[in-house]
Amino acid sequence: MGELTQDQFVGFYRTMRTIRRFEQRVVELVNRNDIPGAAHEYVGEEAVATGVCHALRPDDVITSTHRGHGHILAKGGDPRRMMAELMGKSTGYNRGRGGSMHIADLELGIFGANGIVGAGAPIACGAAMAAKLKGRDGVAVSFFGDGATNQGVLLEALNLAAIWKLPVVFVCENNGYAISASIREMSPLQRLADRAPAFGMPGDSVDGMDVLAVHEGASRVVARARAGGGPSFLECLTYRFVGHFTAEKALGIKYRSDEEIEEWRQRDPLVTYPAWLRERGICDPARVDAEVEAVLEEAVAFARQSPLPAPEEALDGMYATTYPGLPARGW
Amino acid sequence: MREMRYLEAMREGLFEEMRRDPSIIVIGEDVRHSLRGLTKGIISEFGPARIYDTPISEAAFTGLATGAALAGMRPVVEYQINALLFVAFDQLVDQAQKLRYMMGGQGTIPVTYVITASGARRALAGQHSDHLYPLMLHMGMKTVMPTTVEDAKGLFKAAIREDDPVMVFSPAALLATKGPVPDGDYITPLGRARVAREGTDLTIVAVGPLVPEALAAAETLAAEGISAEVIDPRSLLPLDTGTLLGSARKTGRVVLFDDSNRTCGFAAELAALFADQAWEALRAPVRRITRADVPVPFSGPLESYVLPSRERLLDACRACRAGVRA
Ligand SMILES: Cc1ncc(C[n+]2csc(CCOP(=O)(O)OP(=O)(O)O)c2C)c(N)n1
Ligand SMILES: [Mg+2]
């Protein structure tokens with residue numbers, strides 16, 4: 001893996017800071033109704049997407065989840081087109097058809113966030129299979145939560161990847177909860193990574209609040225997949241500092257203690273990592289912060305200025321090959 | 001022209017496409033040994049990199065095909081029975097079918113799904129006898145159901161070349177039928193119905209395994225002095241509404257002969273189409289012969305009772321012609 005460069009250390013911070021501030025801006029915009037609907041914030045989990053995606057190449061593929069903004073930003077997604085999508089604008093990644101849970105950029109290897117828990121896992125396997133069949137050494141990463149580890153399709157996908165030795169990395173973002181359901185109640189295992197050996201693949205568990213630990217763990221399994229060693233399971237222990245989604249407050253539910261939240265907040269990667277950078281004299285995080293603010297300011301401005309799609313566009317683009325009367329008109 | 005069987009023609013079509021396009025791979029259960037014969041011999045010609053026996057994981061291998069398609073492959077996925085569509089439904093309709101649209105038109109998902117032996121095969125009961133094409137149509141998936149040997153090859157090849165997901169239903173009742181196949185490379189384009197028999201007094205729209213039944217009924221009706229036109233839509237989505245409506249406007253009477261359940265079935269959709277767009281030409285109410293809204297039962301008399309039959313079609317045609325309710 002080699003030593004990390006100065007630029008890489010700074011790059012990790014830039015990505016994490018971009019995700020954090022992106023999500024905070026999203027909440028403001030949701031609260032002001034500039035973003036319709038709800039969004040699943042990645043606040044607290046930034047080190048996971050950052051550590052993993054910085055271990056990937058541009059031609060590698062990821063599939064993401066309902067909580068996807070972090071993955072997409074870390075894989076190089078354009079904050080302007082993301083913000084525009086969140087506002088339902090025609091310049092958005094999905095031209096306003098997807099919104100928060102569905103952002104995709106095939107050119108960047110982002111095979112979509114996904115609104116169905118676990119659904120991205122077999123799609124990542126397919127991308128990995130295609131890379132293998134074309135004789136390329138591309139790798140696919142499937143991101144999913146602790147809750148998704150109880151979805152049948154995900155377990156099926158683990159097995160498929162294992163029997164065909166597909167270059168896939170299954171990244172489990174164990175933030176302890178699936179909405180209100182604690183993983184402690186939904187699995188008897190202390191470590192979800194312990195499921196992996198039963199599928200015939202290595203399972204590793206890393207500190208998901210430490211971007212360097214995630215990056216190191218991810219680099220190891222990505223290299224293994226790239227070299228033809230087959231799939232791996234990487235559990236990243238993390239925590240979401242906020243509700244399941246922006247609408248949680250209005251639900252008035254309480255399933256975890258304030259102390260627990262506070263404990264995890266002590267390990268906030270957006271506090272610990274910049275402190276470490278400063279200490280080591282690697283960079284002045286404040287400079288990166290200013291750059292990030294400018295990028296996000298521009299993204300919000302771009303999204304605001306962008307037009308909404310024309311209503312009739314709703315019928316475009318369903319099929320690559322179109323036929324008269326498809327989709328049916330005059331409904 | 002050569003005579004061959006329906007399934008052989010499909011197989012020939014698949015092999016021709018695989019020779020033409022190296023991005024085609026085949027995925028499914030027992031496809032190397034090929035229970036029905038669609039993929040027999042594939043491994044010796046194309047090698048193991050192009051054909052994959054899967055674990056019994058329909059959701060996962062359906063999703064795998066989607067991912068592979070987005071990454072440039074052209075998978076052909078075989079399901080052993082209709083019921084597996086239920087098992088894979090999220091990956092089929094919520095992922096494969098919706099993703100291109102939901103991604104704002106990015107990418108293509110050229111996957112062909114084939115159910116080799118669809119519909120009731122007799123004495124297999126409720127979980128092995130469904131014919132689920134209305135579900136696919138409802139979710140906007142392109143869907144074809146070839147009924148002639150020529151179309152078995154031509155529509156399958158067209159489906160494989162299509163840049164969208166396409167579901168191919170190959171009715172069990174027709175797999176062993178024989179018929180002529182044109183020489184050389186050809187496809188049957190999607191979106192064109194076939195007039196299986198011309199007539200002037202009434203129009204029968206028959207689906208899949210019911211087409212030969214409808215043709216036999218038309219023969220009986222001819223002897224009674226009723227000239228029935230039989231239309232085989234063959235491409236259910238896109239649907240050739242022009243040919244269907246043209247026939248209805250010509251005959252003024254329509255009987256729908258559909259192998260799906262009654263409620264929200266394909267015939268219900270067609271009835272609405274005729275009511276909307278051929279109302280002025282209709283001289284009798286549109287009639288539907290369908291399956292009953294129960295799971296297909298096992299025992300012979302029960303099974304025959306709930307499946308659409310030639311006898312019920314004949315009654316409906318006679319009543320329609322006479323202008324009285326059956
Ligand atoms: C198959 C499925 N079941 C239920 C839901 C509703 N739902 C959305 S997110 C979620 C929790 C997911 O938990 P986890 O996988 O741990 O991800 P996290 O939200 O913690 O990131 C649920 C139940 C869904 N979208 N898909
Ligand atoms: Mg979770």
Side-chain angles (χ1 to χ4, degrees), chain A residues 61 63 85 90 92-98 102-107 109 111-112 114-116 118-134 138 140 151-161 163-164 166 316-328 330, chain B residues 22-23 25 27 49-50 52 54-73 75 87-88 90-91 94-111 140 142 161-165 189-191 235 237-242 273 276-277:
Chain A
V61 167
T63 59
E85 185 59 31
S90 62
Y93 262 121
N94 310 39
R95 300 169 60 207
R97 285 100 186 274
H102 301 283
I103 297 175
D105 183 342
L106 296 184
E107 280 174 18
F111 280 25
N114 209 306
I116 303 301
I123 297 174
C125 291
M129 183 186 206
K132 197 171 163 177
L133 289 173
K134 289 175 174 176
Q151 257 291 328
V153 73
L154 191 122
L155 302 172
E156 291 181 11
L158 287 168
N159 181 55
L160 268 192
I163 58 173
W164 292 339
L166 298 177
D316 296 345
M318 170 123 160
Y319 301 100
T321 311
T322 56
Y323 293 84
L326 198 64
Chain B
S23 70
I25 52 174
I27 300 168
R50 296 187 65 190
Y52 293 86
T54 64
I56 305 168
S57 303
E58 291 79 15
F61 70 71
T62 303
L64 174 110
T66 305
L70 280 168
M73 306 304 290
V87 180
D90 174 64
Q91 287 295 332
D94 228 15
Q95 309 296 332
Q97 178 53 34
K98 285 186 188 169
L99 280 185
R100 180 187 151 81
Y101 179 89
M102 293 193 74
M103 295 191 301
Q106 293 181 62
T108 57
I109 304 178
V111 186
K142 291 177 177 175
R161 291 184 197 180
E162 195 79 0
D163 279 336
D164 292 303
L190 269 62
S235 170
L237 192 89
L239 180 67
D240 180 358
T241 54
L273 172 78
D276 279 349
Q277 294 185 43

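Numbered from 1 within each chain, the chains take letters A, B, ... in sequence-line order.
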#### Entry: Heavy-atom closest pair, residues A:Glu156 and B:Glu58
OE1-N, 3.9 Å

### Nearest heavy-atom neighbours spanning B:Asp164 and A:Ala320
OD1-N, 2.7 Å

### Query
Roughly how far, to the nearest 0.5 Å, is the CD1 atom of A:Ile123 from the CD atom of B:Gln91?
5.0 Å

### Part of A:Leu106 lying under 4.5 Å from any heavy atom of chain B
both

### Query
In Å and rounded to the nearest 0.5 Å, what is the OH to CG distance from B:Tyr52 to A:Leu133?
4.0 Å

### Which of B:Gly63, B:Gly72, B:Ser23, B:Pro22 touches chain A most, by non-hydrogen pairs under 4.5 Å
B:Gly63

### Region of A:Lys134 that comes under 4.5 Å of a non-hydrogen atom in chain B
side chain

#### Entry: Among A:Asn159, A:Asp316, A:Asp105, residue most engaged with chain B (heavy-atom pairs, under 4.5 Å)
A:Asp105

### Task
Mind checking the CZ-NZ spacing from A:Arg97 to B:Lys98? Nearest 0.5 Å is all I need.
14.0 Å

#### Entry: Side chain to side chain, A:Val153 and B:Asp90, heavy atoms closer than 4.5 Å
no

### Message
At a 4.5 Å cut-off on heavy atoms, which part of A:Ala127 comes close to chain B: side chain, backbone, both, or neither?
### Response
both

### Task
Would you name the heavy atoms of A:Leu326 and B:Lys142 that are closest together and state the gap between them?
CD2-CE, 4.2 Å

### Under 4.5 Å from a heavy atom of chain B, the part of A:Tyr323 involved
side chain

### Query
chain B heavy atoms under 4.5 Å from A:Leu166: which part of the residue, side chain, backbone, both or neither?
side chain

### Interface moiety of B:Ile109 toward chain A, non-hydrogen atoms closer than 4.5 Å
neither

### Query
Of the backbone (N, CA, C, O) and the side chain (C-beta and beyond), which part of A:Ile163 lies under 4.5 Å from a heavy atom of chain B, both, or neither?
side chain

### Query
At a heavy-atom separation under 4.5 Å, does A:Met318 approach chain B through its side chain, its backbone, both, or neither?
both

### Query
Taking the side chain from B:Arg100 and the backbone from A:Gly317, do they hold a donor-acceptor pair closer than 3.5 Å?
yes

### Task
Would you mind checking which part of B:Ala65 comes under 4.5 Å of any heavy atom in chain A, side chain (CB onward), backbone (N, CA, C, O), both or neither?
neither

